[in-house]
Amino acid sequence: MNITINGEAASIEPLSVLDYLCQLGIDPRRVAVELNREILPKGAYPDTALKEGDSLEIVHFVGGG
Amino acid sequence: MPENNDKLVIAGREFDSRLMVGTGKYADFPQMVAAIEASGAQIITVAVRRVNISDRNKESLLDHIDLKKYTLLPNTAGCYTAEDAIRTCRLAREAGLSDFVKLEVLGDEQTLFPDNEELLKAAAVLVKEGFTVLPYTSDDPIVCRRLEDLGCAAVMPLGAPIGSGLGIRNPYNMRIILDTVKVPVIVDAGVGTASDAAIAMELGCHGVLMNTGIAGAKDPVAMALAMNLAVRAGRLAYRAGRIPMKLHANASSPLAGLIA
């Protein structure tokens with residue numbers, strides 16, 4: 001199915017947000033996730049299944065002033 | 001530090017250091033870590049950006065920051081609307097360990113001056129959502145008062161444009177702001193060298209925040225130490241009560257007993 005991740009199109013098999021982060025090699029404790037423009041609390045990562053057309057923003061802290 | 005009975009208090013939290021530093025623009029992580037250490041800062045700003053999905057080998061900033069030692073202050077750099085700034089703060093709170101945020105809503109790419117109208121809108125929403133808001137703003141006492149009225153934990157007027165190194169361009173406005181608000185006044189942006197930081201503190205400001213002034217120096221670690229000392233010296237001088245400025249001289253040696 002097709003989703004958008006950080007502005008880019010991606011084709012993935014159905015899976016949970018947590019599994020997707022693991023697949024991407026991302027430490028869930030170090031990021032914040034927005035699903036369809038709403039903050040997804042960390043507690044919901046395991047139970048939230050990604051659906052066709054979902055839009056994900058995955059952000060983390062970087063150097064800045 | 002000898003000045004430990006003069007802590008900086010923001011939203012009920014106490015800090016020994018009145019210097020806050022950014023984590024951007026360093027040559028590499030080791031230089032950043034060494035500079036932050038030399039600065040003595042306890043509050044460090046970070047930016048919130050998309051994870052690079054395709055390049056997973058990149059080191060992460062938090063690999064190099066001891067979160068037990070430093071308080072992170074996520075910023076909303078790059079946001080030009082209240083909506084984007086609010087979204088960024090919510091993401092930052094979710095990613096981080098606290099609800100301290102440096103709220104920036106920019107109005108112009110060349111000057112990076114704040115869009116105060118959007119800033120006030122964002123501040124109102126964020127304070128209601130329980131964030132501890134430290135807003136980057138212009139050296140305008142009226143806007144500072146409005147930010148305080150909305151419930152911001154401090155005000156952070158710019159000394160000069162971000163990264164410009166021009167110092168405190170309007171010290172008189174800074175003094176008026178200090179008279180206008182009761183929350184801490186932290187000069188944020190424009191500091192170029194140690195004397196700029198000392199001047200901010202001598203005016204009575206409660207703290208100074210800088211990034212480029214340190215990271216952009218030829219020797220950032222040395223400059224970080226200079227800024228550390230300048231902020232402490234300026235604060236000590238302010239509390240020591242300077243002599244007044246006079247047009248004419250006032251001799252330091254006695255007039256009596258002169259040979260004739």
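Protein chains get the first letters and strands the later ones, always in sequence-line order, with residue 1 at the start of each.
Across every non-hydrogen atom of B:Pro157 and B:Met174, the tightest pair is CG-SD, 3.7 Å.
Across B:Ile65, B:Val46, B:Asp188, the residue that shares the most heavy-atom pairs under 4.5 angstrom with chain A is B:Val46. When B:Asn52, B:Leu61, B:Asn211 are compared by the number of non-hydrogen pairs under 4.5 Å with chain A, B:Leu61 comes out ahead.
The CG atom of B:Leu67 lies 8.0 Å from the CD1 atom of B:Ile44; values are rounded to the nearest 0.5 Å. We find the CD1-CD1 distance between A:Ile3 and A:Ile5 to be 6.0 Å, quoted to the nearest 0.5 Å. To the nearest 0.5 Å, atoms CD1 (B:Ile10) and CG (B:Leu73) are separated by 8.0 Å.
More than 12 heavy atoms of other residues, nucleotides or ligands shown are found within 6.0 angstrom of CD on A:Glu52.
Proximity to chain A is limited to the side chain of B:Leu72, based on heavy atoms less than 4.5 angstrom apart. With a 4.5 Å cut-off on non-hydrogen atoms, B:Glu83 touches chain A through its side chain but not through its backbone. Contact annotation for B:Ala189: neither backbone nor side-chain heavy atoms come within less than 4.5 Å of a heavy atom of chain A. Proximity to chain A (any heavy atom under 4.5 Å) is restricted, for B:Ser60, to the side chain, taken from C-beta onward.
Ionic pairing of B:Arg169 and B:Asp139 is not present here: no N-O contact between side-chain nitrogen and carboxylate oxygen is shorter than 4.0 angstrom. We find that A:Glu57 and B:Arg49 are not joined by a salt bridge, their nearest charged nitrogen and carboxylate oxygen being 4.0 Å or further apart.
Counted by atom type alone, B:Thr193 and B:Asp196 present zero donor-acceptor pairs between their side chains at under 3.5 Å.
Scanning residues 9-20 of chain A against chain B with a 4.5 Å non-hydrogen threshold yields no residues. At a heavy-atom cut-off of under 4.5 Å, chain B is reached by A:Ile26, A:Arg29, A:Arg30, A:Val31, A:Ala32, A:Val33, A:Glu34, A:Arg37, A:Ile39, A:Leu40, A:Pro41 from residues 26-41 of chain A, listed in order of number.
Both tests hold for B:Arg13 against B:Phe100: distance to the six-membered ring centre under 6.0 Å, angle to the ring axis within 45°.
Contact check for B:Tyr80 versus B:Val105: no side-chain heavy atoms found under the 4.5 Å cut-off. Counting heavy atoms from C-beta on, the side chains of B:Met201 and B:Val187 never come closer than 4.5 Å.
Between the side chain of B:Asn75 and the backbone N or O of B:Val101, no donor-acceptor pair lies under 3.5 Å.
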